[in-house]
Amino acid sequence: MANANPNGAQITDEIAVQINGMHKWYGEFHVLKDINLTVNRGERIVICGPSGSGKSTMIRCINRLEEHQQGQIIVNGTELTSDLKQIDAVRREVGMCFQHFNLFPHLTIMENCTLAPIWVRKVPKKEAEETAMKYLERVKIPEQAHKYPGQLSGGQQQRVAIARSLCMNPEIMLFDEPTSALDPEMISEVLDVMIDLAQEGMTMLCVTHEMGFARKVANRVIFMDGGQIIEQNEPEEFFNNPQSERTQLFLSQIL
Ligand code: ADP
Ligand code: MG
């Protein structure tokens, strides 16, 4: 089903995120340059690239933790503007997990998972707790519900952060290097949860350098450098036959 949006861009229900000619500056610094990206519903996209290339900034623009200055970002058919109500709506549809889990240390795991559903979504407490338990079971730590974040390992805390996002029932999940702060033995327990999510059909954009994960679940890998999307391709082609020299150099350094 297609409908026209006022700016002339074509929107269909199949498209989760559409970015057209988007630019962003931090003061004088031109951090994102002419980003064009269409994310179809159910796609699993891995974003990689050197440190400082603008990966975090780009995905943070998608749930408006950062503001772009030029071009369009359309999430679930709504163009992001500075309208605060609309920002709330977008945040409800777009979940995000960060490198540093950002759990509230003074709240239990259960309270971390039910805070936003109860206060933002006005879900009754009992129902919010049932939902939280369902997702804590899915990330395999229901027994930790009454502990505090500081009592859990990094891998467990990141799984709580994922469960907490899922409690808001998002349509799209953004991940920003969710395993890069973890000890090596904890990486796979978080990736396994992300693989499950991908297999259930969640639309996902993941900034990660876990190339095994990219090969396994991504349908597209995007390489960024210097604030631009340099190259994108399906994983096999991306890894075996990178086109640009910058991609080749990057891959030679991380693989
Ligand atoms: P990546 O996630 O690829 O490492 P970032 O999106 O974090 O890259 O950063 C891209 C560039 O923007 C870097 O040069 C970084 O120093 C700069 N930058 C990031 N956040 C800010 C900010 N809040 N203010 C100014 N510059 C920033
Ligand atoms: Mg980053």
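Counting starts at 1 for both ligands and their atoms, in listed order.
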Original post:
Do His23 and His68 have ring centroids that are under 6.0 Å from one another?
Top reply: no
Subject >> Residues in contact with ligand 1, criterion: heavy atom under 4.0 Å >> reply: Tyr26, Phe29, Val31, Pro50, Ser51, Gly52, Ser53, Gly54, Lys55, Ser56, Thr57
Under 3.5 Å, is there a donor on one side chain and an acceptor on the other for [X] and [Y]?
X: Gln99; Y: Asp176; value: no
X: Gln243; Y: Glu231; value: no
X: Glu66; Y: Thr57; value: no

**OP:** Please determine which of Arg215, Arg220, Lys216 meets the salt bridge (charged side-chain N to carboxylate O under 4.0 Å, His left out) test together with Glu236.
**Re:** Arg215
Original post:
Asp196 versus Arg138: any side-chain heavy-atom pair under 4.5 Å?
Top reply: no
Subject >> Gap between atom CZ of Arg41 and atom CE of Met202 - 0.5 Å precision >> reply: 11.0 Å
Original post:
Which residues and atoms, counting only protein N, O or S, are under 2.8 Å from the Mg ion (ligand 2)?
Top reply: Ser56 OG
Original post:
Is any NZ, NE, NH1 or NH2 atom of the basic residue among Lys134 and Glu130 found under 4.0 Å from an Asp or Glu carboxylate oxygen of the other?
Top reply: no
Subject >> Pairing of Glu67 and Lys24 as salt bridge, 4.0 angstrom limit >> reply: no
